[in-house]
Amino acid sequence: MKKTESNGVKAPKKVQPKTKGNPVKHIGIVKNDSWLEPYEDAIRGRHDHAMYKLKQLTNNGRKTISEFASGHLYYGLHRSLRGWVFREWAPNATEIYLIGDFNNWQEDEAYKLKRVKGTDNWEIKLPFKSLSHGDLYKMKVKWDGGEGERIPAWCRRVVQDEETKIFSAQVWQPKKPYEFKKKAFKPTKSPLLIYECHVGMGQDAEKVGTYREFTENVLPRVVKAGYNCIQVMAIQEHPYYGSFGYHVSSFFAPSSRFGTPDELKELIDTAHKNGIAVIMDIVHSHAVKNEMEGLGNLCGDPCQYFYQGGKREHPAWDSLCFDYGKNEVMHFLLSNCKFWLEEYHFDGFRFDGVTSMLYYNHGLGQAFGGYEDYYNGGQDVNAITYLTLANKLIHEVNPSAITIAEEMSGMPGLAAKFEWGGMGFDYRMAMGIPDYWIKMIKEKKEIKVEAKPRKARKPVAKKAPSKRKPQKKANKEMPVWCRRLLAVLVVVAFVFGFYYFFIRPYAYRWKPCYGMKGYGVCMPVGYSMHGIDVSHYQGDINWKMLKQTRQGKFPVEFIFMKATEGGDFSDDRFVANFDSAKVHGFIRGAYHFYNPKTDVN
């Protein structure tokens, strides 16, 4: 009798051994790379597990993965035809109250949630007059042995008090919500020219920039520079600004530091009207530890969203690692992907920290010198399954969407089709290359070669000629001042010629946009090895696109920017003074954005 789960989904089958009478048809990525044949069982096992999980989540195919990933339409705060409704997944809670401006932040029976019968969900329905646009609120959660104020996991707006610095959820229901002018948009991908940016740092001022300032000041320059896509960092709400948005606390809330949700929508809409795709730097590899602002201990269970034991905390990032094996966590993260696509019209995602997700050791201290390093049992199959289903979901919601994996190990099949046994990413960003160049810049020492003194030759005695030959009259030697003047003229002519022929034609494109800071300033962002894509970090210098990239040639020079003594690039607020930048030198480097159309076949 075949083994099945309680919901009727069959467990993944084991791969049959290859025999002469029953030859095994190789799965796609193995068919294209015979060196993967020894690991085909592991590859098929991962693919079968993803298929098994897909059937489980979709009720054996009775609904689509997109229909499953609609948690944002159920959980959180919503305004319905009959009033307000609020729901939260809190399996360990014993009591939950809504507290806020509307009840003077006190426990009130009128704002007490009830557990939905037979589930771990809590719910409350309120009349329209109970809540107003702009009200601040939180959950007061009680559990066995404790209680605490918490920000709802599914809330869509979080703000920080300027005086107390306390974060609270906010009711966001404007009378006239923003309506997108550009209803349909399809990104240009031939080639895909990506400009990576940070809204807060993208200004010529010592302050945190806003969505509207970025729309008015930076976006036109990106358009003029010839890009067709921007990759925006730090969108999801994060308590610590210095984390560059990588310690996320509220996954469904755009950061309020930069403005309102409607202003972010206006930014994206304006970009689309100018032919610019907008992809989001999404962080599903870990979450901030904070309990009052984040998911660290939402209702008395520190492992509600995260792994248990030693796998819960990330050893290098001081953050928490999601448990991708839980269906509720899968529901939360997949719904998060769909939410940003539908609500804000993002055109795709760059998934952060994919290497950390793929391996139990997070790829730390591992060299990845051969294929055996990808199939030695140290891989998190749950995380691989999540990434596979996330790509399937994203392309089901928007077939033109762009997905990029920020990955260092070079996992085979990362950007291969799902049907081939791959994870389905469109591109892979090889972060190891810029990391290598930073290592070279910091650690490489100049080799000084000392010239050894030449040995003096022994004098050779020569026989004096019997008769001296007549000598020609020597030319008059050029004066010293004349030789110096001639040398100056040669240098001036060389500099003028270099500027006229090599710098002047492209000078208008070499104006750096604002926001050069830290790691991003050093990031050598270049061209795809197959001429598919270009990505620049905000603050790097733009290059004139050459047709040679389509022929496999990739000019990957870029100008490295350095702060002068007058510049302030170490301010705690992480802002940069644009006027303090200068051209410092040339470095070579490239990103390899893996493309299955060119790299697999």
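Scope of the values below: all heavy atoms of this structure, side chains included, with no hydrogens, waters or symmetry mates. For this chain, numbers begin at 1 and follow the sequence in order. If you're wondering where the values come from, they're calculated on a predicted model, not measured in any experiment.
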Subject >> With Ile394, the side-chain contact (heavy atoms from CB on, under 4.5 Å) member among Leu334, Asp426, Leu341, Leu389 >> reply: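 In the set Leu334, Asp426, Leu341, Leu389, the residue that makes a side-chain contact (heavy atoms from CB on, under 4.5 Å) with Ile394 is Leu341.
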
More than 12 foreign heavy atoms under 6.0 Å from [atom1] of [X]: is that the case here?
X	atom1	result
Lys442	NZ	no
Glu419	CD	yes
Tyr360	OH	yes

Would you call [X] and [Y] a side-chain contact if the rule is heavy atoms closer than 4.5 Å?
X	Y	answer
Leu358	Gln379	no
Met233	Met280	no
Phe351	Cys337	yes
Pro174	Asp262	yes
Phe185	Pro187	yes
Tyr227	Leu193	yes
Ile230	Ile279	no
Ile404	Ile194	yes

Can you give me the closest heavy-atom contact between [X] and [Y], atom names plus distance?
X	Y	value
Gly294	Val288	CA-CG1, 4.5 Å
Ala234	His198	CB-NE2, 3.5 Å
Ile65	Thr58	N-CG2, 3.7 Å
Ala405	Leu414	CB-CD2, 3.6 Å
Ala253	Trp340	C-CH2, 3.9 Å

Original post:
Can you list every salt bridge (charged side-chain N to carboxylate O under 4.0 Å, His left out) pair that touches residues 352-375, not counting sequence neighbours?
Top reply: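 Of all non-adjacent pairs touching residues 352-375, those that pass salt bridge (charged side-chain N to carboxylate O under 4.0 Å, His left out) are Arg350-Asp352.
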
Original post:
Which residue pairs pass the salt bridge (charged side-chain N to carboxylate O under 4.0 Å, His left out) test with at least one member in residues 248-259, sequence neighbours excluded?
Top reply: Glu237-Arg257

Can you list the residues that meet the side chain to side chain contact (heavy atoms under 4.5 Å, CB included) rule with [X], with sequence neighbours excluded?
X	result
Asp318	Lys289
Thr188	Asn228
Asn398	Ser400, Ala401
Val30	His26, Ile27, Leu36, Glu37, Glu40, Ile43

**OP:** Could you tell me whether Tyr39 and Tyr374 have their ring centroids closer than 6.0 angstrom?
**Re:**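 No; Tyr374 has its ring centre 6.0 Å or more from that of Tyr39.
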
Original post:
With sequence neighbours left out, what residues match Phe252 under ring-ring contact (aromatic ring centres under 6.0 Å, His included)?
Top reply: Trp154, Phe332, Phe339

Subject >> Partners passing ring-ring contact (aromatic ring centres under 6.0 Å, His included) against Trp317 (at least two apart in sequence or in another chain) >> reply: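 If we apply the ring-ring contact (aromatic ring centres under 6.0 Å, His included) test to Trp317, skipping adjacent residues, the hits are His286, His314.
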
Subject >> Parallel, tilted or perpendicular: rings of His284 and Phe251 (30°, 60°) >> reply: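 Tilted, since the angle between the ring planes falls between 30° and 60°.
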
At what distance, to the nearest 0.5 angstrom, does [atom1] of [X] lie from [atom2] of [Y]?
X	Y	atom1	atom2	result
Leu387	Thr403	CG	OG1	10.0 Å
Gln160	Tyr241	CD	OH	12.5 Å
Phe322	Asp380	CZ	CG	13.5 Å
Tyr371	Asp33	OH	CG	3.5 Å
Cys155	His72	SG	NE2	14.5 Å
His345	Lys183	NE2	NZ	7.5 Å

Subject >> Steps toward side chain to side chain contact (heavy atoms under 4.5 Å, CB included) verdict (Cys197, Phe214) >> reply: CA-CA 10 Å; Cys197 52; Phe214 188 92; 3.5 Å; yes

Would you tell me whether [X] and [Y] have side-chain atoms, one donor and one acceptor, within less than 3.5 Å of each other?
X	Y	value
Tyr240	Asn290	no
Tyr359	Ser409	yes
Ser249	His238	no

**OP:** Take Arg157 and Ser256 through the test side chain to side chain contact (heavy atoms under 4.5 Å, CB included) and record every step on the way to the result.
**Re:** CA-CA 7 Å; Arg157 172 74 170 166; Ser256 60; 3.5 Å; yes

Checking the side chain of [X] only, and the main-chain atoms of [Y] only, is there a donor and an acceptor separated by less than 3.5 Å?
X	Y	answer
Thr260	Glu263	yes
Thr210	Glu213	yes
Lys338	Ser66	yes
Thr64	Glu67	yes

Subject >> Residues forming a salt bridge (charged side-chain N to carboxylate O under 4.0 Å, His left out) with Glu443, sequence neighbours excluded >> reply: Lys439

Subject >> Arg46: partners by salt bridge (charged side-chain N to carboxylate O under 4.0 Å, His left out), with sequence neighbours left out >> reply: none

Original post:
What residue among Glu407, His362, Gln366 forms side-chain hydrogen bond (donor to acceptor under 3.5 Å, both in side chains) with Thr355?
Top reply: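 The passing option is Glu407.
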
**OP:** Keeping to residues at least two apart or across chains, list the ring-ring contact (aromatic ring centres under 6.0 Å, His included) pairs with something in residues 394-418.
**Re:**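 Checked against ring-ring contact (aromatic ring centres under 6.0 Å, His included) - neighbours excluded - the pairs reaching residues 394-418 are His47-Phe418.
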
Distance-only donor-acceptor pairs under 3.5 Å for side chains of residues 264-275, two or more places apart:
residue: Lys265; atom: NZ; partner: Glu343; partner atom: OE2; Å: 2.9
residue: Glu266; atom: OE1; partner: Arg212; partner atom: NH2; Å: 2.9
residue: Asp269; atom: OD1; partner: Lys182; partner atom: N; Å: 3.0
residue: Asp269; atom: OD2; partner: Tyr178; partner atom: OH; Å: 2.7
residue: Asp269; atom: OD2; partner: Lys181; partner atom: N; Å: 2.6
residue: Thr270; atom: OG1; partner: Glu266; partner atom: O; Å: 2.7
residue: His272; atom: NE2; partner: Asp347; partner atom: OD1; Å: 3.4
residue: His272; atom: NE2; partner: Asp347; partner atom: OD2; Å: 2.6
residue: Asn274; atom: ND2; partner: Thr270; partner atom: O; Å: 2.8

**OP:** For the pair Met330 and Lys53, evaluate side chain to side chain contact (heavy atoms under 4.5 Å, CB included) and give the outcome as yes or no after the intermediate values.
**Re:** CA-CA 10 Å; Met330 187 83 74; Lys53 181 60 69 172; 4.1 Å; yes

